[in-house]
Each structure stands twice: as C-alpha cells, then as structure tokens.
Amino acid sequence: MPTPGPAERPSAQQPTTDLDTRYSSALQPRPGAEHVTATEWAEAQRRLEAAEIFWLSTVRPDGRLHVTPVIAAWHEGALYFSTGPGEQKARNLAHDGHCAPTTGGNSLTAGLDLVVEGEAEQVTDPALLEEVIAAYEAKYGPHITAPEGTFHGIGDAFRKGDAVVFAVAPATAYGFGRDDGVYTHTRWAF
C-alpha cells in the first residue's frame with residue numbers, strides 16, 4: 001500500500017451530513033423527539049478524539065470478517081491505529097485495505113456509536129509517524145509513556161517498524177445516537 005506523504009495526507013474536509021429518518025425518532029416520535037436532528041460532524045470528531053477503544057473490522061482473503069479491539073488516535077482528519085506486521089489484521093489489510101473502525105457504548109438509552117468506513121493506508125513517512133506518536137502520547141498518556149504503562153514503548157515500535165501504522169480517512173461515517181429513548185441515525189459522506 002502506498003504511504004501518504006505530506007501532500008497526500010487525509011484532508012480534514014467537511015462532509016455532507018444527513019439524518020436518516022427511517023432509523024431515527026423522527027418517524028417514530030417519542031416525547032422529546034419532535035425536533036430530532038442529525039449529529040454534527042464536529043461532535044463526532046470530538047467523540048473520535050476521546051474514544052479509548054475501537055473495534056476494527058477487516059476482511060480476510062477468503063472473505064470472512066475479522067474484528068479486533070485496537071487503540072487509535074484521531075489526527076488531522078484520519079484515524080490512526082497500529083498492529084504487529086504479522087498479525088491477522090495487518091495481513092488482511094495487505095490484501096484489502098477496506099475496513100471499519102467503530103466505537104461507542106453499550107447502553108440502550110445513552111451514547112453515540114460511531115462507524116468510520118474507509119481504506120487503511122500504511123504510514124511510513126517519518127515526519128507523519130512522529131505526529132502520530134505525539135497524538136498517541138497526548139491521548140493515552142501514562143499508558144504509553146510510563147515504564148509500567150500498558151503500551152510502553154509503542155513510539156519506538158512505530159519508529160523501528162516493529163508495529164505497522166495505518167491511517168483511515170473516512171469515506172463514509174455513521175453515528176447512532178441514543179438520548180433517553182430519542183434515537184438518531186446520522187450519515188456523513190466525504
């Protein structure tokens with residue numbers, strides 16, 4: 001897969017935003033749902049920046065799905081995650097870069113679940129890797145920077161190539177909101 005260089009980095013473009021009323025409280029009104037609206041992309045980005053765990057769906061060469069949790073950092077319009085070069089998700093992405101990182105909660109009545117659909121591209125540009133390392137360290141703090149941290153040394157693993165770093169710029173994203181029984185289904189197209 002090609003490596004995005006500085007001119008090829010994902011853009012932080014603004015998507016079109018649509019409320020899908022088929023799956024929102026707009027068609028099935030409940031008290032408080034009379035004025036349901038689409039979730040703004042700025043709110044989705046804020047949630048992507050704050051989320052600690054994502055579930056990454058990739059496709060195996062035989063077409064079967066593979067889903068696994070990853071940590072990731074949102075940086076300049078893309079979600080960055082890593083894996084070992086021999087792990088299943090790295091092998092899947094080498095075959096087919098299409099993937100869907102998802103994050104959210106497990107409450108029926110509160111939260112915003114997010115799905116980002118796009119194509120993962122391996123990142124090897126040293127300047128961009130340093131930016132991604134800084135984004136990881138700012139987000140995960142002692143988990144990455146402290147010797148007793150869960151992912152201590154991840155920055156050095158990125159630099160040495162012991163971990164493969166991927167960028168996913170959204171092609172399409174979805175937000176599934178739940179606010180005390182008021183449901184929204186937002187689609188963002190890039």
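FYI, side chains are in, hydrogens and waters are out, and symmetry mates aren't considered; it's all heavy atoms of this structure.
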### Message
Between Thr103 (side chain only) and Leu114 (backbone N and O only), is there a donor and an acceptor less than 3.5 Å apart?
### Response
no
#### Entry: Polar side-chain atom of Tyr140 near backbone of Ala73 as donor-acceptor pair, under 3.5 Å
no
Cluster check [X], [Y]: I/L/V/M/F/W/Y, side chain < 4.5 angstrom:
X: Trp74; Y: Phe151; result: yes
X: Phe190; Y: Tyr80; result: yes
X: Val70; Y: Tyr136; result: yes
X: Leu129; Y: Val168; result: yes
X: Ile53; Y: Leu112; result: yes

Atom [atom1] in [X], atom [atom2] in [Y]: separation rounded to 0.5 Å?
X: His185; Y: Arg187; atom1: NE2; atom2: CZ; answer: 8.5 Å
X: Thr58; Y: Phe166; atom1: OG1; atom2: CZ; answer: 9.5 Å
X: Glu117; Y: Trp188; atom1: CD; atom2: CH2; answer: 12.0 Å
X: Phe158; Y: Thr124; atom1: CZ; atom2: OG1; answer: 13.5 Å
X: Arg46; Y: Thr39; atom1: CZ; atom2: OG1; answer: 11.0 Å
X: Gln14; Y: Glu40; atom1: CD; atom2: CD; answer: 9.5 Å

### Task
Kindly state each residue pair satisfying salt bridge (Lys or Arg N to Asp or Glu O under 4.0 Å) with at least one member in residues 138-148, sequence neighbours excluded.
none
## Note on the structure
Quick note, salt bridge (Lys or Arg N to Asp or Glu O under 4.0 Å) partners involving residues 65-75, not counting sequence neighbours, are none
### Residue list, side chain to side chain contact (heavy atoms under 4.5 Å, CB included) with Thr16, at least two apart or on another chain
Asp18, Ala189
### Query
What pairs meet the side-chain hydrogen bond (donor to acceptor under 3.5 Å, both in side chains) rule with one or both residues in residues 162-179, with sequence neighbours excluded?
Asp113-Arg178
So which heavy atom on [X] is nearest to which on [Y], and how close?
X: Val115; Y: Ala100; result: CG1-CB, 4.4 Å
X: Pro170; Y: Val116; result: CB-CG1, 3.6 Å
X: Tyr183; Y: Leu108; result: OH-O, 3.2 Å

### Query
Under the salt bridge (charged side-chain N to carboxylate O under 4.0 Å, His left out) test, which residues partner Glu130, sequence neighbours left out?
Arg159
Should [X] and [Y] count as side-chain neighbours, where that means a heavy-atom distance under 4.5 Å?
X: Val59; Y: Leu65; value: yes
X: Thr37; Y: Thr184; value: no
X: Leu93; Y: Cys99; value: yes

For residues 81-88, which side-chain N or O atoms pair as donor and acceptor with protein atoms under 3.5 Å away, sequence neighbours left out?
{"from": "Thr83", "atom 1": "OG1", "to": "Glu87", "atom 2": "OE1", "distance (Å)": "3.1"}
{"from": "Thr83", "atom 1": "OG1", "to": "Lys89", "atom 2": "NZ", "distance (Å)": "3.3"}
{"from": "Glu87", "atom 1": "OE1", "to": "Lys89", "atom 2": "NZ", "distance (Å)": "3.0"}
{"from": "Glu87", "atom 1": "OE2", "to": "Gly84", "atom 2": "N", "distance (Å)": "3.3"}
{"from": "Gln88", "atom 1": "OE1", "to": "Arg60", "atom 2": "NH1", "distance (Å)": "3.4"}
{"from": "Gln88", "atom 1": "OE1", "to": "Arg91", "atom 2": "NH2", "distance (Å)": "2.5"}
{"from": "Gln88", "atom 1": "NE2", "to": "Asn92", "atom 2": "OD1", "distance (Å)": "2.6"}

### Query
Around Asn106, counting heavy atoms of other residues, nucleotides and ligands shown, do more than 12 lie under 6.0 Å from its CG?
no
#### Entry: Atom NE2 of His143: over 12 foreign heavy atoms under 6.0 Å
no
### Summary
From the list Ile154, Val132, Ile144, side chain to side chain contact (heavy atoms under 4.5 Å, CB included) partner of Glu137 resolves to Ile144
### Message
Test side-chain contact (heavy atoms from CB on, under 4.5 Å) on Phe176 and Asp20; report intermediate values, then the result.
### Response
CA-CA 10 Å; Phe176 303 93; Asp20 190 334; over 6 Å; no
